[in-house]
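Shown next, in structure tokens, is the structure this report addresses.
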Amino acid sequence: MRKIDSRKILKVAKTWLGTKFHYTGRVKINSNNKGGIDCIGLIIKVGEEINACFNGKNISYYDYLTYSRYPNQGEMKNFLDKYFLKISEKEIKVGDLVYMNFADNLEHIGILSRIGIIHCYVDVGIVVEHRLDDYWKSKIVGYYRYIKK
């Protein structure tokens, strides 16, 4: 199992900034359109571009679009547990994934950056990067890492 360079992860993740939110979207913003992505889609597509793998297959191989619009029954956590390396808070580094829960256990995921977090933020409607303040930190319930396995 090999770790993927965090600089590469961040470089690719930042190319998604400004991409609009779209449930089950998988299209990056470009000169012709604003694209469309959701939080887990961002994780999958960044993983695809950096060649994150599980069992020798690119992580995008395991992508599916039949998940709930409001995942709250551990569906996202189960996916992360299966295809990503679960790590402890002590192990986290830039480029790792932060798994969060909100009201009613609504699931969310983002990428840890040098500034804070890169994620598809529904309330703003696009992929953003912002500080990881106390509010956001209080929502984190798990940490994961992209791997080549």
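This chain uses plain numbering: 1 for the first residue, then up along the sequence. These numbers come from the heavy atoms of this one structure, side chains and all, not from hydrogens, waters or symmetry mates.
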With no hydrogens and no angle check, is any side-chain donor or acceptor of [X] less than 3.5 Å from a backbone partner on [Y]?
X	Y	result
Asp38	Thr24	yes
Tyr146	Cys53	no
Glu107	Met76	yes

Inset, instruction - Sequence neighbours left out, what passes ring-ring contact (aromatic ring centres under 6.0 Å, His included) with Phe54? Give chain and number order. - result: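 Result, ring-ring contact (aromatic ring centres under 6.0 Å, His included) vs Phe54: Tyr62, Tyr83.
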Inset, instruction - State which residues pass ring-ring contact (aromatic ring centres under 6.0 Å, His included) with Tyr61; sequence neighbours excluded, sorted by chain then number. - result: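 In terms of ring-ring contact (aromatic ring centres under 6.0 Å, His included), with neighbours along the sequence ignored, Tyr61 is linked to no residue.
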Same cluster for [X] and [Y] if Ile/Leu/Val/Met/Phe/Trp/Tyr side chains link at under 4.5 Å?
X	Y	value
Trp16	Val98	no
Ile50	Ile111	yes
Ile118	Tyr121	no
Val94	Ile9	yes
Phe79	Tyr23	yes

Legend entry - Heavy-atom check, side chain of His119 versus side chain of Val128, under 4.5 Å: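 Side-chain contact under 4.5 Å: yes.
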Legend entry - Val12 vs Glu48 side-chain heavy atoms within contact, under 4.5 Å: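 Val12 does not reach Glu48 side chain to side chain.
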Residues forming a side chain to side chain donor-acceptor pair (under 3.5 Å) with [X], sequence neighbours excluded:
X	result
Tyr143	none
His22	none
Ser6	none

Mind checking side-chain contact (heavy atoms from CB on, under 4.5 Å) for [X] and listing every partner two or more places apart, or none if nothing turns up?
X	result
Val27	Asn33
Lys11	none
Lys20	Lys34, Ile126
Asp63	Arg26, Ile44, Leu65

Looking at [atom1] of [X] and [atom2] of [Y], how far apart are the two atoms once the value is rounded to the nearest 0.5 Å?
X	Y	atom1	atom2	answer
Tyr144	Leu85	OH	CG	10.0 Å
Ile59	Glu49	CD1	CD	14.0 Å
Ser113	Glu129	OG	CD	3.5 Å
Arg131	Ile115	CZ	CD1	11.0 Å
Glu75	Tyr67	CD	OH	9.0 Å

Legend entry - Verdict with reasoning, Ser60 to Lys45, per side-chain hydrogen bond (donor to acceptor under 3.5 Å, both in side chains): CA-CA 7 Å; Ser60 63; Lys45 295 304 282 184; over 6 Å; no
Legend entry - For Arg69, salt bridge (charged side-chain N to carboxylate O under 4.0 Å, His left out) partners two or more places apart: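 Arg69 satisfies salt bridge (charged side-chain N to carboxylate O under 4.0 Å, His left out) with no other residue.
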Using distance only, find each side-chain donor-acceptor pair of residues 134-141 under 3.5 Å and give its atom names and separation, not counting sequence neighbours.
| unit_1 | atom_1 | unit_2 | atom_2 | d |
| --- | --- | --- | --- | --- |
| Ser138 | OG | Tyr135 | O | 2.6 |

Inset, instruction - Could you list all the salt bridge (Lys or Arg N to Asp or Glu O under 4.0 Å) pairs where at least one residue sits in residues 81-98, not counting sequence neighbours? - result: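 Found Lys77-Asp81, Asp96-Arg145.
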